[in-house]
Amino acid sequence: MQTAVKKIQMVDLVGQYEKIQQEIDKAIIDVVRSAAFINGPEVKAFQADLEKYLGVKHVIPCANGTDALQIAMMALDLKPGDEVITADFTYVATAEVIALLGLKPVLVDVYPGTFTLNIEEVKKAITPKTKAIVPVHLFGQCAEMDALMKLSAEHKLFVIEDTAQAIGADYTYPDGKKVKAGTIGQIGCTSFFPSKNLGCYGDGGAMFTNDDELAKKMRMIANHGQSVQYYHDVVGVNSRLDSIQAAILRIKLRHLDEYAAARQKAAAFYDKAFANHPKIQIPARDKSSTHVFHQYTLVLKGADRNKLKEHLATKEIPAMVYYPVPLHLQKAYRDPRYKEGAFPITEHLCASVISLPIHTELTEEVQSHIVASVLEFLK
Ligand SMILES: *Cc1c(COP(=O)(O)O)cnc(C)c1O
C-alpha cells in the first residue's frame, strides 16, 4: 500500500519526536501550566546542562544563531571599518552580521575536501585593520582551530566560532587535549533552528565563552543592554530563548551524542557505497575533529549535480545544494575587491556539491535506495 511508505526527507523531525513524545509533551505542558514563558527556570536549567555538556564556563542563550553572532561581535567592541575574516563558502548569516554592524567582511577561500577555512589564505588576508576571524565549522566538523588560534594570538585577533552546524563535535589539539566545538575561540555561537543537530521547535541560539567579562557583556547586550532592570548601560538588542524551547532542548541535549552517532553511521554507509567512484568525492575528514554530519555533502566530478538532483526527485528522493552561490557573488555582498574567479575552490564547490538526506532516523533500507539511485544516474 502506497500510504504505508514513508516519504523520504532531508531531515525527519517527526520521526525523531515520536521516540521522545511523552517526555516532550509533558515538558511543553508543564511550561504552559507554569506560565513562565520568558526566562523561566527551564532556561537556566538548560543553560547549566549545556555548560556541563560542553565543558564551558558560560552559555548565554539567545533568540537564534544569527543573533548569537551579532551579539558576540557587539560584545567585542568592534568599530565600523574593522575587518573580520570569514569563509566565502558558508551560510549568509556569518557575513550578514559583520556587514550589518558596519564592519568589513573579508572573505577567504576554503579547503576543497573539508570545506573549512584555508589557513594560508587567512594569513594572506590579515591586515592592520583585521580584528577578528570567524571560522565556520561547516557541515559538522571543526576548522583547523589549533593553527587558527596560534595565528590569532600572534596578531592579537579575536576568534568567534560559528558552530551552528557542529554542536557536539570534538576537537583534539596536537597534544591530545580534547574539547567541544565552540569552546575554543573567545566566543562560540550556535543555532537551535529545528533542523540543526540540536534543534528546538522554533528559533533558538546561544553564545559560549570561558571569559567572565565577555559573558556578562553578552548577557547584558542580549537583554536591552541592561544588567539591572530599566538601567541601560550599553545599546543592546532583545534576544531571548523562550522557556518552551529551553524545555525541549533540555530533553534533546540528553540524546545529542546518540543523534550524532546515528548521523555518523548513516555517513559511513554512504562513504562505503561511494568511496571509490570516479565521479564522486566523499566528504573528507579532518584528523583533529570528529564529524557530526549536519550535512552529508558530495562533490561531483564530471557529472551535473542539478541533473542528479532532478533524477533523485523522480525517485522521490530529496537532495539539496548547500550552497549554490559563493558569498562574494551574492548581490548583497558584491565588492569590487572580489571578481568572479577570486575564490576558485568555493566557486567550484558551489557549482558541484549536492547534499543527500542525513538525519537521526535514516534506515539502511532507505539509504540503499538513495545509493542505488545516485549510482544509477552516474553510470
Ligand atoms: C543556521 C546557521 C546560522 C544561523 O542560525 P539561525 O538560528 O538560523 O539564525 C549561522 N551560521 C551557520 C553556518 C548556520 O548554518
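Just so you know, ligand 1 is whichever comes first in the structure, and atom 1 is the first atom listed for that ligand.
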In terms of residue, atom name and distance, what is the protein heavy atom nearest to atom 4 (C) of ligand 1?
T66 OG1, 3.5 Å
Less than 3.5 Å between some nitrogen or oxygen of Q165 and one of ligand 1, yes or no?
yes
Heteroatom proximity flag, D67 to ligand 1, N/O under 3.5 Å:
no
Short list, please: which atoms of ligand 1 are under 4.0 Å from a heavy atom of N64?
7 (O), 9 (O)
Looking only at distance, does D162 have an N or O less than 3.5 Å from an N or O of ligand 1?
yes
Counting from 1 in the order shown, the ligand 1 atoms closer than 4.0 Å to a non-hydrogen atom of A93 are 4 (C), 10 (C)
Test applied, side-chain hydrogen bond (donor to acceptor under 3.5 Å, both in side chains); reference residue, E23; option that passes from R250, K252, R254:
R254
Any luck finding a side-chain donor-acceptor pair between E144 and Y111 under 3.5 Å?
yes
Check each of N64, D203, I167 against F192 using the side chain to side chain contact (heavy atoms under 4.5 Å, CB included) test, and report the only one that passes.
I167
If you measure from each non-hydrogen atom of K196 to ligand 1, which part falls under 4.0 Å: side chain, backbone, both or neither?
side chain
Say whether G65, considering both its backbone and side-chain N or O atoms, lies within less than 3.5 Å of an N or O atom on ligand 1.
yes
S191 versus ligand 1: do any nitrogen or oxygen atoms come within less than 3.5 Å of each other?
yes
Any salt bridge linking K104 with D82? Criterion: basic side-chain nitrogen under 4.0 Å from a carboxylate oxygen.
no
Can you label the angle between the Y17 ring and the Y201 ring as parallel, tilted or perpendicular, going by 30° and 60°?
perpendicular
Among M220, K216, M218, side chain to side chain contact (heavy atoms under 4.5 Å, CB included) partner for I60
M218
Do T94 and T86 get their side chains close enough for a donor-acceptor pair, meaning under 3.5 Å?
no
